[in-house]
Amino acid sequence: MVLLSLSASGWAQTSPLPDWDRLTPEQREALIAPLRDRWNNAAPPQRQRMLQHGQRWESMTPEQRELARRGRHRFENMTPAQREQARALFAQMRSMTPDQREALRERWGKMTPEQRQEWLKANAVKDDPAPR
C-alpha cells in the first residue's frame, strides 16, 4: 500500500523505485509514519516485540526474508479457524526440538478433522498478547 502511494506521488509504475537515500523527505515520511503511529500506540511489551522482530529481520538472509513474506501472506489468507490451528501448532512447536516438531507435523498430517479438533482443544492458545 505504501509503495502504491509512492507511485501515485510522481513515479510511473514501470519506473524502478529509488534507494532510500534518493527518496524525498515526504516519501520517507510516508513510509515511516504508519510505523511511528503503531509504535506510539503500543504498550511496552509490544514495543519490545516490535524491536526484536526488526532486529531479527535485519539478521535474515534475503531467502529467509522471502520465506517469511510467503508465510505471512499464507497466514493472512487463512480462515479464522485455520489461523487458530496455526497459532496452536506454532505455540506448541515453539518449545519442541526439531525432531519433536517433525514428529508433530507427521502426526498432524495423519489426523482426521475430529482428531485435530481434539488436539486443538487440548492445546488451546491462552490469551496470546502478540499482535496479529
Side-chain angles (χ1 to χ4, degrees):
M1 186 158 44
V2 172
L3 292 178
L4 290 175
S5 68
L6 284 176
S7 66
S9 66
W11 284 306
Q13 288 182 353
T14 58
S15 298
L17 296 173
D19 289 337
W20 182 265
D21 294 337
R22 294 189 178 264
L23 293 174
T24 67
E26 293 80 17
Q27 291 165 333
R28 290 181 191 180
E29 179 59 25
L31 290 166
I32 293 173
L35 181 59
R36 180 179 42 247
D37 292 343
R38 188 170 162 211
W39 178 271
N40 286 339
N41 293 325
Q46 188 177 359
R47 287 182 180 184
Q48 183 62 39
R49 279 192 305 275
M50 290 170 71
L51 183 59
Q52 289 170 344
H53 290 180
Q55 290 168 336
R56 187 171 53 224
W57 184 263
E58 284 298 311
S59 70
M60 288 179 173
T61 65
E63 294 80 19
Q64 290 170 322
R65 289 179 182 184
E66 182 56 30
L67 285 173
R69 283 185 193 101
R70 281 192 232 150
R72 188 193 80 225
H73 181 72
R74 191 171 57 239
F75 185 82
E76 288 171 348
N77 290 311
M78 289 179 178
T79 65
Q82 289 170 323
R83 287 182 184 191
E84 179 186 338
Q85 288 180 4
R87 282 188 191 104
L89 284 168
F90 183 77
Q92 187 73 19
M93 288 184 177
R94 187 179 277 156
S95 63
M96 293 179 165
T97 66
D99 289 340
Q100 291 170 325
R101 284 193 291 267
E102 185 57 33
L104 179 56
R105 279 188 200 98
E106 287 178 24
R107 240 181 44 222
W108 185 265
K110 295 175 183 175
M111 288 182 191
T112 66
E114 294 79 20
Q115 290 171 322
R116 289 179 180 179
Q117 285 303 315
E118 288 301 315
W119 187 93
L120 289 169
K121 286 178 188 172
N123 296 281
V125 177
K126 310 277 190 288
D127 295 322
D128 182 12
R132 295 186 176 108

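No hydrogens, no waters, no symmetry mates; every other heavy atom, side chains included, goes into these values.
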> How far apart are the C-alpha atoms of Gln46 and Arg49, what are their side-chain angles, what is the distance that settles it, and do they pass the side-chain contact (heavy atoms from CB on, under 4.5 Å) test?
Replying inline: CA-CA 5 Å; Gln46 188 177 359; Arg49 279 192 305 275; 3.6 Å; yes
>> Is there a salt bridge (Lys or Arg N to Asp or Glu O under 4.0 Å) between Glu84 and Arg87? Walk through the geometry before answering.
In response: CA-CA 5 Å; Glu84 179 186 338; Arg87 282 188 191 104; over 6 Å; no
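- Met111 and Leu89 fall within a single hydrophobic cluster, where Ile, Leu, Val, Met, Phe, Trp and Tyr are joined by side-chain heavy atoms under 4.5 Å apart, directly or via other members.
- Of all the heavy atoms in Leu104 and Gln92, the pair that sits closest is CD2-CG, 4.2 Å.
- Although no hydrogens or angles enter the test, the distance criterion places no donor-acceptor pair under 3.5 Å between the side chain of Arg101 and the main chain of Arg94.
- Between the CD atom in Gln48 and the NE2 atom in His53 there is a gap of 10.0 Å [rounded to 0.5 Å].
- Using modelled atom types, one side-chain atom of Arg83 and one backbone atom of Glu76 make a donor-acceptor pair closer than 3.5 Å.
- In this structure, Trp119 CH2 and Arg107 CZ are separated by 8.0 Å, a value rounded to the nearest 0.5 Å.
- Hydrophobic clustering (ILVMFWY, side-chain heavy atoms < 4.5 Å, transitive): Ile32 and Leu23 are in one cluster.
- When hydrophobic clusters are built by joining Ile, Leu, Val, Met, Phe, Trp and Tyr residues whose side-chain heavy atoms come closer than 4.5 Å, directly or via intermediates, Phe75 is not grouped with Met93.
- Remark: Gln64 CD to Glu66 CD distance equals 12.0 Å, nearest 0.5 Å.
- What you find for Gln85 and Leu120 is that their closest heavy atoms are CG-CD1, 3.2 Å.
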>> Assess the residue pair Glu26 and Glu29 against the criterion (side-chain contact (heavy atoms from CB on, under 4.5 Å)); give the C-alpha distance rounded to whole Å, side-chain angles, the decisive distance to 0.1 Å, and a yes or no.
In response: CA-CA 5 Å; Glu26 293 80 17; Glu29 179 59 25; 5.6 Å; no
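- Counting heavy-atom neighbours within 6.0 Å of Arg116 CZ, excluding the residue itself, gives a total above 12.
- Separating the CZ atom in Arg36 from the CG atom in Leu31 is a distance of 11.5 Å, to the nearest 0.5 Å.
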>> Determine whether Met50 and Leu35 satisfy the following criterion, side-chain contact (heavy atoms from CB on, under 4.5 Å), listing intermediate values before the conclusion.
In response: CA-CA 10 Å; Met50 290 170 71; Leu35 181 59; 3.7 Å; yes
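- In this structure, the side chains of Gln117 and Thr112 stay at 4.5 Å or more apart for every pair of heavy atoms.
- If you chain together hydrophobic residues whose side chains sit under 4.5 Å apart, Trp108 and Met96 fall into the same group.
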